[in-house]
Amino acid sequence: MNQLIGIFGGTFNPVHVGHLRAAEEVAEILSLARVLFVPASDPPLKRDGDVALAPASDRFRWVESAIAGNPHFETSDVELSRSGPSYLVDTLQLLRSELAPAELVFILGEDAFAQLDAWRAPELLPTLAHFAVVTRPPGSAGHSLADWLPACLTGSVEVDSDGQLARHRTAGHWIRRVPISGFDVSATDIRGRVRDCRSIRYLVPEIAREPIEKCNAYRGQPT
Ligand code: ATP
């Protein structure tokens with residue numbers, strides 16, 4: 001059987017303990033050989049100016065320092081080294097050829113999965129990788145993947161009767177719901193705390209806490 005490599009994409013604006021714990025649990029549950037964290041350089045869905053976005057190089061550095069020491073975690077600068085918007089479809093195509101014959105498992109939260117229709121070429125995504133959809137506290141809207149299945153996938157994937165696994169009809173990749181204990185933490189909440197000069201201790205990895213607190217982008221008005 002081919003190795004499975006987790007790909008954890010996100011804005012990581014900033015990285016927090018919810019991300020780290022999700023990656024750790026999914027790697028253990030699915031026996032992933034390793035997890036690549038792929039910070040988005042220019043996230044297309046977070047460009048409206050209403051969100052305080054830290055520079056990509058800072059977000060990347062925070063992730064790098066946060067995962068240092070975990071032998072199963074690595075960062076990939078594949079999205080930083082490409083100009084223009086960071087589309088997952090491009091990233092998966094590139095990583096697939098780089099990492100073959102390993103198979104990719106894209107890791108994302110239920111909230112992100114439910115919004116897949118808004119991503120570029122969403123119907124192609126499950127033809128390029130397996131998907132691990134992790135539960136995200138405080139609670140999901142449903143316990144079956146069918147409750148979360150984005151419209152773009154309804155024709156191309158078949159959900160098992162227990163609602164925990166779906167298969168792409170032609171590509172053979174799976175989409176698996178992965179319940180994790182997880183933390184009810186979001187980057188939006190952390191940016192709000194930095195803006196309001198409140199503590200973020202224990203919400204972000206300690207090694208990155210000071211640089212995050214000092215980030216100018218978070219000290220302005222929007223979060
Ligand atoms: P924001 O609050 O700015 O929207 P975020 O906290 O959702 O940010 P992202 O970097 O956008 O963080 O998330 C990257 C991926 O990690 C997404 O798939 C998201 O669903 C998942 N994720 C984020 N926080 C958690 C968490 N606490 N538990 C499980 N998954 C999470």
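Indexing begins at 1, ligand by ligand and atom by atom, following the structure's order. FYI, the numbering just counts along the sequence from 1. Everything numeric in this text was worked out from a predicted model, so none of it was measured.
The atoms of ligand 1 that sit less than 4.0 Å from any heavy atom of Asp111 are 19 (C), 20 (O). Atoms of ligand 1 lying under 4.0 Å from any heavy atom of Thr11, numbered from 1 in the order shown and given with element: 10 (O). Of all atoms in ligand 1, listed by their number and element, those nearer than 4.0 Å to a heavy atom of Leu108 are 18 (O). Those atoms of ligand 1 with a heavy atom of Phe8 less than 4.0 angstrom away are 15 (C), 16 (O). The Val185 neighbourhood of ligand 1 comprises atoms 24 (N), 27 (N), with distances under 4.0 Å to a heavy atom of that residue. Which parts of ligand 1 touch Phe12 is read off a 4.0 Å heavy-atom cut-off, strictly below it: atoms 10 (O).
Ser156 and Glu123 share no side-chain donor-acceptor pair at under 3.5 Å. Side-chain atoms of Thr91 and Arg82 form a donor-acceptor pair, as typed in the model, at a separation below 3.5 Å.
Of the polar atoms of Ile180, none of the N or O atoms is found under 3.5 Å from an N or O of ligand 1, judged by distance alone. Looking at His19 next to ligand 1, an N or O pair under 3.5 Å apart turns up. For ligand 1, the polar-atom distance check against Ile107 finds no nitrogen or oxygen pair separated by under 3.5 Å. Residue Asp184 has no N or O atom closer than 3.5 Å to an N or O atom of ligand 1.
Of all the heavy atoms of Arg21, none lies under 4.0 Å from any atom of ligand 1, so neither backbone nor side chain is involved. When non-hydrogen atoms are compared, ligand 1 lies under 4.0 Å from neither the backbone nor the side chain of Phe113. Residue Thr188 touches ligand 1 through backbone and side chain together, judged by heavy-atom distances below 4.0 Å.
Note on ring orientation: taking the six-membered ring where Trp is involved, the planes of Phe106 and Trp119 are perpendicular (angle over 60°, cut-offs 30° and 60°). Between His19 and His16, the ring planes lie parallel to each other; the angle is under 30°, not in the 30° to 60° tilted range.
Residue Gly9 places a heavy atom less than 4.0 Å from ligand 1.
Of the candidates Gly10, Pro138, Gly109, Gly109 brings a heavy atom nearest to atom 18 (O) of ligand 1. Checking Arg191, Arg59, Arg136, Glu110 against atom 19 (C) of ligand 1, the nearest heavy atom belongs to Arg136.
Transitive grouping of hydrophobic side chains (ILVMFWY, heavy atoms separated by less than 4.5 Å) brings Leu4 and Leu165 into a common cluster. Note on Leu108 and Leu124: same hydrophobic cluster, where clusters join Ile, Leu, Val, Met, Phe, Trp and Tyr whose side-chain heavy atoms are under 4.5 Å apart, directly or indirectly.
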ring-ring contact (aromatic ring centres under 6.0 Å, His included) evaluation trace for His173 with His130: CA-CA 5 Å; His173 287 127; His130 304 291; 4.7 Å; yes

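Note that Arg21 lies outside the cation-pi zone of Phe183, set by a 6.0 Å cut-off to the ring centre and a 45° limit from the axis.
Shown here is Ile29, whose CD1 atom has more than 12 heavy atoms of other residues, nucleotides or ligands within 6.0 Å.
Of the possible polar contacts, one joining the Arg59 side chain to the Thr11 backbone as a donor-acceptor pair under 3.5 Å is found.
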